[in-house]
Amino acid sequence: MREDAPASSDDVRRTRRLVAVLGGGAVALTAAFAAMPWLVTRPRPAPDVQLTLLDGTQPRIADLRGRVVLMNFWSTTCAPCMEEMPTLIEFHRRNAPRGLKTIAVAMKHDRPDMVLGMSQRRQFPFDVALDVQGEVAQAFFRTEVTPSKYLIDPTGNVVRTHVGRTDFADLQQRIDALLSASG
C-alpha cells in the first residue's frame, strides 16, 4: 500500500480558504432564509387566479376581496407540512369565526385522490384546492417550497409571506391586526 504524501502548506492554505468560503456562504444562506418572511413580504396584489376546490367549486381570488385570507401551499409528501397541519387546523378553527378564510392548495405533484383522502382523514375544516397544472403555485410568485403561506388582506394584497416552517405567533399578530381593522 502506498502512503499519501504529507500535504504541502499551499494545500493546507487552499483547504482552509475553501472551508472559510463555504462556511461563510452557509452562514449567509442561513441568514437569508431566516430573513425571508420579512424580505418577501412587501404588500403586493394577490394574483387573481381561479381555484378548483375539492367540492368542485371554482372561486377566483378576487371573489374573496373583503375577507382576510390565508393561502397555504402544501403537499401530502411534505413532512413539515404534515407536522404543522394540526396547528394549522387549530389556527383555522380559532380564527375562522372571526372572519379568516383558509385555503390549502395542494401542489401539482400531489395526486387528487391522495389529497382527498388526506383531507378526509385529517378532517380539514378549511377549503382544499387542487393545483393539478401548477398554475396557482406559479401565479403565487412561483411557489415551489412547501409549506408556504400567503396572508391576503381585505383589499386583495399579500401582506405577509411565510416560506418553510410557519411562525404562527407572527401570523396570529398579523391576522389579529387585519381582523380588528376590518371588523
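Atom set for the values below is all heavy atoms of this structure, side chains included, hydrogens, waters and symmetry mates excluded.
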(message) Ring-plane angle category for Phe73 and Tyr150, please: parallel below 30°, perpendicular beyond 60°, tilted otherwise.
(response) perpendicular
(request) Could you tell me the separation between the CG atom of Leu88 and the CZ atom of Arg93, rounded to the nearest 0.5 Å? (result) 10.5 Å
(message) Under 3.5 Å, is there a donor on one side chain and an acceptor on the other for Asn95 and Gln172?
(response) yes
(message) Are Val158 and Pro45 packed together at the side-chain level, in the sense that at least one heavy-atom pair is separated by less than 4.5 angstrom?
(response) no
(request) Please check if Met85 and Leu116 belong to a single hydrophobic cluster, counting links between Ile, Leu, Val, Met, Phe, Trp and Tyr side chain heavy atoms closer than 4.5 Å. (result) yes
(request) Kindly indicate whether the side chain of Gln133, heavy atoms from C-beta on, has any atom under 4.5 Å from the side chain of Gln138. (result) no
(message) Over 60° means perpendicular and under 30° means parallel, so tell me whether Trp74 and Phe124 are parallel, tilted or perpendicular.
(response) perpendicular
(request) To the nearest 0.5 Å, tell me how far Asp153 CG sits from Leu151 CG. (result) 7.5 Å
(message) Counting C-beta onward and ignoring hydrogens, is there a side-chain heavy-atom pair between Leu53 and Pro59 closer than 4.5 Å?
(response) yes
(request) State, yes or no, whether a side-chain contact exists between Val115 and Gln120 at a heavy-atom distance under 4.5 Å. (result) no
(request) Please report the closest heavy-atom contact between Arg67 and Leu100, naming both atoms and the distance. (result) NH2-O, 4.0 Å
(message) Minimum heavy-atom separation for Leu179 and Gly99, please, with both atom names.
(response) CD2-C, 4.0 Å
(request) Please step through side-chain contact (heavy atoms from CB on, under 4.5 Å) for the pair Val136 and Thr52, ending with a clear verdict. (result) CA-CA 10 Å; Val136 178; Thr52 300; over 6 Å; no
(request) Mind listing the closest non-hydrogen atom pair of Ile152 and Ala46 along with its distance? (result) CD1-CB, 3.8 Å
(request) Using a strict cut-off of less than 4.0 Å between a Lys/Arg side-chain nitrogen and an Asp/Glu carboxylate oxygen, indicate whether Lys108 and Glu144 qualify as a salt bridge. (result) no
(request) Taking the side chain as every heavy atom from C-beta outward, state whether Leu64 and Ile103 have any pair of such atoms under 4.5 Å apart. (result) yes
(message) Can you tell whether the side chains of Asp48 and Arg60 come within less than 4.0 Å, N to carboxylate O?
(response) yes
(message) Can you tell me how far apart CG (Asn72) and CD (Glu84) are? Round to the nearest 0.5 Å.
(response) 6.5 Å
(message) One pair to check against side-chain contact (heavy atoms from CB on, under 4.5 Å): Ile61 and Met71. What are the steps and the verdict?
(response) CA-CA 10 Å; Ile61 297 298; Met71 298 286 293; 3.9 Å; yes
(message) With no hydrogens and no angle check, just 3.5 Å: does a side-chain donor-acceptor pair link His162 and Ser148?
(response) no
(message) Any heavy-atom pair between the side chains of Leu70 and Leu171 that's under 4.5 Å?
(response) yes
(message) To the closest 0.5 Å, what do you measure between OG (Ser75) and CE (Met82)?
(response) 7.0 Å
(request) Kindly indicate whether the side chain of Asp176, heavy atoms from C-beta on, has any atom under 4.5 Å from the side chain of Arg98. (result) yes
(request) Find the distance between CD1 (Ile89) and CZ (Arg94) and round it off to the nearest 0.5 Å. (result) 12.5 Å
(request) Over all heavy atoms of both residues, which pair between Pro80 and Pro147 is shortest? Give the atoms and the distance, please. (result) CB-CD, 3.9 Å
(message) Can you classify the ring geometry of Phe126 versus His92 as parallel (below 30°), tilted (30 to 60°) or perpendicular (above 60°)?
(response) perpendicular
(request) Looking only at non-hydrogen atoms, find the nearest pair between Thr161 and Arg44 and report the distance. (result) OG1-NH2, 3.7 Å
(message) For Met107 versus Ala137, what's the shortest heavy-atom pair and its separation?
(response) CE-CB, 4.1 Å
(request) Start with the C-alpha distance between Lys101 and Asp127, add both sets of side-chain angles, then the distance that settles side-chain contact (heavy atoms from CB on, under 4.5 Å), and finish with yes or no. (result) CA-CA 8 Å; Lys101 172 85 169 167; Asp127 288 330; 2.4 Å; yes
(request) Output the distance between atom CZ (Phe140) and atom CD (Glu135), rounded to the nearest 0.5 Å. (result) 13.5 Å
(request) Applying salt bridge (charged side-chain N to carboxylate O under 4.0 Å, His left out) between Asp170 and each of Arg160, Lys149, Arg165, report the one that passes. (result) Arg160
